[in-house]
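Notes follow once the structure below has been shown.
What you see below is based on every heavy atom in this structure, not just the backbone, and it leaves out hydrogens, waters and symmetry mates. In what follows, chains are A, B, ... by sequence order, proteins preceding strands, each numbered from 1.
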Amino acid sequence: MKESISHCFETLKEKSPLVQSITNFVVMNNTANALLSLGASPIMAHAKSEVLDMVGIVNALVINIGTLDEYWVESMLLAAQRANDLGKPWVLDPVGAGATPYRNETIGKLLALKPSVIRGNASEILSLAQVNIKSRGVDSIHDSGEAVQAAINLSKEVGCIVCVSGAKDFIVGGERVVSLDNGHPMMAKVTGMGCTASAIVGAFSGVEKDLFLATTAAMAVLGVAGEIAAEKSDGPGTLQLHLYDTLYNLTSGELMKRMKVEF
Amino acid sequence: MKESISHCFETLKEKSPLVQSITNFVVMNNTANALLSLGASPIMAHAKSEVLDMVGIVNALVINIGTLDEYWVESMLLAAQRANDLGKPWVLDPVGAGATPYRNETIGKLLALKPSVIRGNASEILSLAQVNIKSRGVDSIHDSGEAVQAAINLSKEVGCIVCVSGAKDFIVGGERVVSLDNGHPMMAKVTGMGCTASAIVGAFSGVEKDLFLATTAAMAVLGVAGEIAAEKSDGPGTLQLHLYDTLYNLTSGELMKRMKVEF
Amino acid sequence: MKESISHCFETLKEKSPLVQSITNFVVMNNTANALLSLGASPIMAHAKSEVLDMVGIVNALVINIGTLDEYWVESMLLAAQRANDLGKPWVLDPVGAGATPYRNETIGKLLALKPSVIRGNASEILSLAQVNIKSRGVDSIHDSGEAVQAAINLSKEVGCIVCVSGAKDFIVGGERVVSLDNGHPMMAKVTGMGCTASAIVGAFSGVEKDLFLATTAAMAVLGVAGEIAAEKSDGPGTLQLHLYDTLYNLTSGELMKRMKVEF
């Protein structure tokens with residue numbers, strides 16, 4: 001699988017996929033910079049007046065509910081439906097799932113449109129697995145490993161790839177489970193690192209039809225880049241920058257050497 | 001007081017308070033990163049559909065009117081009222097007070113809901129002290145020292161803690177005044193440094209019931225961290241990052257040693 | 001011309017113009033930081049309830065349609081009209097021109113209000129030149145040189161300065177054309193570098209009535225600063241910071257020495 005991941009990474013650099021994000025205000029700058037550094041092209045566009053047209057010209061769509069409101073949710077639903085109509089992949093990042101009834105209700109509507117990939121932390125994935133059944137939230141903090149069974153259930157129910165990110169990342173496609181053991185604990189102290197992961201999953205989904213592979217490749221690249229960046233950093237501030245530098249300079253050789261992937 | 005501040009700082013790191021910000025688009029990323037680096041947990045949420053629920057689960061609320069509009073002001077008012085109903089502290093950052101009648105009118109409504117703490121620069125605090133009487137603005141630039149009397153009046157009138165930040169920071173609770181003499185002039189060249197101060201005041205308010213102490217501790221931590229960060233920086237760009245690194249690495253010993261506090 | 005540019009730069013540092021941006025969510029932080037580092041004062045304000053008043057107190061206005069929606073477009077039109085009424089310069093950054101019919105329609109309305117300066121990349125300027133005739137978009141990628149004729153046409157038609165930025169920057173005022181050959185390719189890998197250029201054009205327009213000179217000065221300063229910053233950077237992450245540091249530390253001597261300007 002390492003070779004396929006490395007191949008995906010090279011393809012992304014070559015094709016520079018156009019990735020539309022309807023995402024939160026906190027991370028727009030970060031995720032745009034991460035995509036550019038990686039070699040993808042970011043577009044942020046959420047107006048109801050153009051969202052259908054925009055989905056028409058991009059390679060993948062990322063929907064992140066971090067700072068959702070009524071207008072933005074309408075745009076998200078329009079865009080997701082449009083991506084489905086056009087057979088384009090879309091990634092759901094259910095930020096803060098379980099925190100409020102409104103988030104859960106919104107997630108329910110988005111899940112009904114069957115995202116291609118869902119990426120969240122353990123608490124979010126645990127919450128989603130339940131949302132899908134009884135619309136209630138979870139606010140506890142969990143290890144990614146605790147959410148693997150929930151991810152398997154969710155993956156089967158929705159018919160999509162599910163990624164649980166954390167100290168270890170798990171990528172789940174039905175019964176198939178891959179784990180990645182890269183990254184660095186300090187990454188959790190940079191805002192929007194999860195959102196960046198979702199944006200990168202979007203980028204890989206725009207160039208690789210096998211979304212299990214695309215998602216694994218995305219998480220591997222971010223984990224390896226984060227690890228390299230953390231080694232040069234004195235704290236979360238410098239880590240954020242070094243991450244962009246590393247994504248920009250990362251070679252497939254270094255990726256192969258560092259990547260810790262396990263079935 | 002130094003010992004109490006240091007104790008507050010340790011408590012914050014231990015309890016990791018959840019801080020909701022309804023803040024401006026310019027600084028969302030900065031303030032989230034500052035809170036994370038410090039050891040707090042940021043949440044940005046403004047939807048009218050969830051704002052009441054969100055205030056219910058957080059330890060403190062920060063309202064910053066920087067890029068206000070009609071929708072966001074409604075959310076701010078809902079959230080502030082809710083915080084009052086639940087007895088939770090909320091911090092008002094009256095960005096640009098006095099610049100336009102709309103800002104002054106909005107500030108008037110927020111002041112009527114009696115914020116727990118107000119943090120602004122000298123011009124903003126001078127403007128507020130007047131807003132409260134006759135709804136007119138001030139656009140001149142003032143030293144923080146010039147606004148101390150206005151802060152005392154405002155503190156008594158609203159019944160809250162008032163912090164005037166600047167080259168020196170003044171924290172006012174009725175007749176009690178503390179000044180802090182840390183920080184660095186280059187901090188004024190990084191956007192949202194004041195907004196970051198307000199966010200950190202929110203974090204400390206979430207763990208310390210004595211809000212005069214909480215506000216002083218917040219400003220001391222930011223001043224000391226900014227000072228250390230500036231020593232390593234070649235300009236405002238690197239200062240912003242080193243600030244996060246410093247907040248992440250700051251020990252209470254270093255805080256105690258550097259802090260210049262005066263009654 | 002080098003002397004006039006250098007003089008402009010000194011004037012900007014001395015006068016610290018107040019620049020209002022109605023801009024996109026992705027770059028608000030960047031552009032505010034760039035303006036502060038340079039010595040200007042940024043204000044971001046978009047509320048329909050205050051936009052007329054805000055334009056009244058600033059030295060220049062920048063309108064950037066990056067993350068436009070129906071509300072923001074109304075504010076942009078109100079603000080642009082107001083700037084015209086008050087005889088204040090306003091800069092249009094037509095981000096993503098040609099990408100969707102909604103963008104083109106919005107650009108048409110803004111062009112009808114006759115911006116003082118338009119700054120875009122080659123594809124955007126090519127698209128605008130056509131929008132102005134038949135409301136159609138362009139999505140191909142072009143070199144800045146390819147858009148010079150379109151810029152001349154657009155400049156004459158709208159009666160404004162047009163800047164095409166790219167590897168070379170071209171500033172066009174009717175038949176007058178200046179080119180600048182500074183900058184660094186890695187600048188394209190930092191999100192919002194074009195938006196930052198537009199913000200800096202706004203700042204110079206706020207202190208220099210000759211807008212051809214103001215625009216040239218702005219692009220020269222950004223090009224030189226970007227070049228210096230890139231020399232110290234390992235990638236786009238560190239470049240972004242070093243750019244602010246360089247804008248903060250840049251002297252007119254260094255600007256004169258590095259600037260490559262040609263008629």
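Of the possible donor and acceptor atoms, one in the side chain of B/Asn29 sits under 3.5 Å from a partner among the backbone N and O of A/Val26.
Counting heavy atoms from C-beta outward, B/Met44 and A/Phe25 have side chains that stay 4.5 Å or more apart. Residues B/Met28 and A/Val27 fail the side-chain proximity criterion, which asks for heavy atoms closer than 4.5 Å.
At a heavy-atom separation below 4.5 angstrom, chain A is approached by B/Tyr71, B/Trp72 within residues 62-84 of chain B.
Considering every non-hydrogen atom in both B/Ala32 and A/Thr191, the closest pair reads CB-OG1, 3.5 Å. Considering all non-hydrogen atoms of both residues, B/Ala45 and A/Arg103 come closest at CB-NH2, 3.9 Å. Across all their heavy atoms, B/Asn249 and A/Asp234 have their closest contact at ND2-O, 2.7 Å.
Separating the CD atom in A/Gln240 from the OH atom in B/Tyr244 is a distance of 7.5 Å, to the nearest 0.5 Å. Distance OH/A/Tyr102 to CE/B/Met54: 11.5 Å, rounded to 0.5 Å.
When the options B/Asn33, B/Leu241, B/Asp245, B/Leu36 are evaluated for a side chain to side chain contact (heavy atoms under 4.5 Å, CB included) with A/Pro236, the one that passes is B/Asp245.
Enclosure of atom NZ in B/Lys48 by more than 12 non-hydrogen atoms of other residues, nucleotides or ligands within 6.0 angstrom is indicated.
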